[in-house]
Amino acid sequence: MNDLIDSRRTFLTRAGIATLSLSAGALLTRNAVAATVAPSSDIGVVQTALAIEHEGIAAYRLAGKSGLLSAGTLKLALIFKGHHEAHRDSLVKLVTQAGGKPVEPKTDAQYVSELKLGSLKSEGDVVALATMLEHGAASAYIGQVTSLKDPRLAKLFASISADEAIHWTTLNNAAGTPIPTAAYVFG
């Protein structure tokens, strides 16, 4: 399971660096609007973050359709999916304002394969996967904050990271997993 977190973090880091070399709700929207047009060097990092938001949206959408979730868990999944959609919309706006073409989501089949969604057999399996994805997302956003040139974008990434940490904490608690005793959970 840690491999999935590590691979997501590694994906964000590597894709952000590679892309750079080639060139929830209302608060996030205000932050994104305040960041108007980002420096071109930041757009690669934003595009990579956008790919992660697409993945989160797909994971919640596909898990929601699986029939494995109870009504309460499905309600929470839809809330978190809504947060990821707000993040996506803010990031799409930034890329578009900078004159770029936002990265498109992968196909459902790709997400099913990459996230191994076909192997999920219970609500507990879905919650465990979502918990890992949220931990990876929070860590990935934190890892990219210092690479951003625009401080307003760094603030947006920090805000999104806080949302991801809330998602992780909620899911971790729902799974009955104790909060880690060591500090720097998302380091």
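- Closest of all the heavy-atom pairs between L74 and G64 is CD1-CA, 3.6 Å.
- Under 4.0 Å is where a charged nitrogen must lie from a carboxylate oxygen, and between K106 and E55 no such pair does.
- Between the side chain of T73 and the backbone N or O of L69 there is no donor-acceptor pair closer than 3.5 Å.
- Between the side chain of H54 and the main chain of V103, a donor-acceptor pair closer than 3.5 Å is present.
- Residue S90 holds its OG atom at 9.0 Å from CD of E53, rounded to the nearest 0.5 Å.
- Hydrophobic clustering of Ile, Leu, Val, Met, Phe, Trp and Tyr side chains at less than 4.5 Å, counting indirect connections, unites L133 with L62.
- To the nearest 0.5 Å, the span separating NE2 on H84 from CG on L91 amounts to 11.5 Å.
- Using the six-membered ring where Trp is involved, F80 and H83 have ring planes that are tilted, between 30° and 60° apart.
- With hydrogens and angles ignored, the 3.5 Å screen pairs a side-chain donor or acceptor of D42 with a backbone N or O of D150.
- Cluster annotation: V145 is connected to I160 through the hydrophobic network of ILVMFWY side chains, with a link wherever side-chain heavy atoms come within less than 4.5 Å.
- If you chain together hydrophobic residues whose side chains sit under 4.5 Å apart, M132 and L171 never meet in one group.
- The distance from atom CH2 of W168 to atom OG1 of T131, rounded to the nearest 0.5 Å, is 8.5 Å.
- The structure places OH of Y141 at 10.0 Å from OG1 of T48, a figure rounded to the nearest 0.5 Å.
- One N or O on the side chain of S119 and one on the backbone of K116 form a donor-acceptor pair closer than 3.5 Å.
- Nearest approach of P178 to N172, heavy atoms of both residues: O-ND2, 3.5 Å.
- Checking side-chain atoms of Q110 against main-chain N and O of T107 turns up a donor-acceptor pair under 3.5 Å.
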(request) Start with the C-alpha gap between L156 and L94, add the side-chain angles, then the distance that decides, and say whether side chain to side chain contact (heavy atoms under 4.5 Å, CB included) holds. (result) CA-CA 11 Å; L156 175 65; L94 289 170; 3.5 Å; yes
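- Scanning all heavy atoms of the two residues, the minimum distance from S161 to I142 falls at OG-CG1, 3.1 Å.
- Minimum interatomic distance between A98 and I43 (heavy atoms only, all atoms of both residues): CB-CD1, 3.5 Å.
- Closest of all the heavy-atom pairs between F186 and A165 is CE1-CB, 3.8 Å.
- Grouping the Ile, Leu, Val, Met, Phe, Trp and Tyr side chains by contacts below 4.5 angstrom, directly or via other members, places L153 with L50.
- T96 places a side-chain N or O within donor-acceptor distance of the main-chain N or O of V92, the cut-off being under 3.5 Å.
- A distance-only check finds a donor-acceptor pair linking the side chain of Q47 to the backbone of K101 [under 3.5 Å].
- In this structure a side-chain-to-backbone donor-acceptor pair under 3.5 Å is missing from H87 to G82.
- Annotation: the span from K81 atom NZ to L76 atom CG amounts to 13.0 Å, rounded to 0.5 Å.
- Checking side-chain atoms of T177 against main-chain N and O of N173 turns up no donor-acceptor pair under 3.5 Å.
- Distance check: L68 CG to L117 CG gives 10.0 Å after rounding to the nearest 0.5 Å.
- Remark: the backbone N or O of Q144 is paired with a side-chain donor or acceptor of S147 at under 3.5 angstrom.
- Residues V112 and L120 share a hydrophobic cluster, clusters being chains of Ile/Leu/Val/Met/Phe/Trp/Tyr side chains in contact below 4.5 Å.
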